[in-house]
Structure formats: structure tokens, C-alpha cells
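Below is one structure, written out as C-alpha cells, with a few remarks after it.
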Amino acid sequence: MNDRQKIYCTRADEREALVTILARNGYTVRIGKEKPAGKSQPVFFVEYWREQPC
């Protein structure tokens, strides 16, 4: 089971730095965005998790 966590951040350079740091430390990462209900602007996040061996 993968326990996915999200870190929300607004700046693109911060997201890219987080992805680099997490990936170098063995995590699987992705950058995503969500549009909260009632808001016009999307919210960006970095999602990360550690893969479990089979």
C-alpha cells in the first residue's frame, strides 16, 4: 500500500526543488493541480510516496 502525501506550494521553482529533493531520496513524485470548489485559480501541489517492493 502506498501512503501518498501532498505538499501544497504556489511557486513553480519551489515545486521543482521539492521534486528534485524527494526523488533523490527515493520517493516517487508528481506535480499536480486541483481546482477547489468555489475558486477560480487552481492550487498546485507535489505528491510523493515510497514504492513498496513486491
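Just so you know, these numbers use all the heavy atoms, side chains as well, and skip hydrogens, waters and symmetry mates.
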Subject >> Arg4 and Tyr48, any side-chain heavy atoms less than 4.5 Å apart >> reply: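 Result no, sub-4.5 Å side-chain heavy-atom pair not found.
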Original post:
Would Tyr27 and Gln5 count as a side-chain hydrogen bond (donor to acceptor under 3.5 Å, both in side chains) if you check the C-alpha gap in whole Å, the side-chain angles of each, and the deciding distance to 0.1 Å?
Top reply: CA-CA 11 Å; Tyr27 289 91; Gln5 301 292 321; over 6 Å; no
**OP:** Run the salt-bridge test on Lys6 and Glu34 with the 4.0 Å N-O cut-off and return the result as yes or no.
**Re:**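 Result for this pair is yes, salt bridge flagged.
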Can you measure from [atom1] ([X]) to [atom2] ([Y]) and round to the nearest 0.5 angstrom?
X     : Y     : atom1 : atom2 : answer
Leu22 : Thr28 : CG    : OG1   : 10.5 Å
Arg30 : Glu47 : CZ    : CD    : 4.5 Å
Phe45 : Ile7  : CZ    : CD1   : 11.5 Å

**OP:** Please report the shortest heavy-atom distance between Asp3 and Trp49, naming the atom on each side.
**Re:**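 Asp3 and Trp49 have their closest heavy atoms at O-CB, 3.9 Å.
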Original post:
Do you know the tightest heavy-atom contact between Cys9 and Leu18?
Top reply: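 Result for this residue pair: SG-CD1, 4.0 Å.
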Subject >> NZ or CZ of Lys33 within 45° of Phe44 ring axis and under 6.0 Å >> reply: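 Not satisfied by the 6.0 Å and 45° rule.
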Original post:
So if you build clusters from Ile, Leu, Val, Met, Phe, Trp, Tyr with side-chain heavy-atom gaps below 4.5 Å, do Ile21 and Val19 land together?
Top reply: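 The answer is no; the residues belong to distinct hydrophobic clusters.
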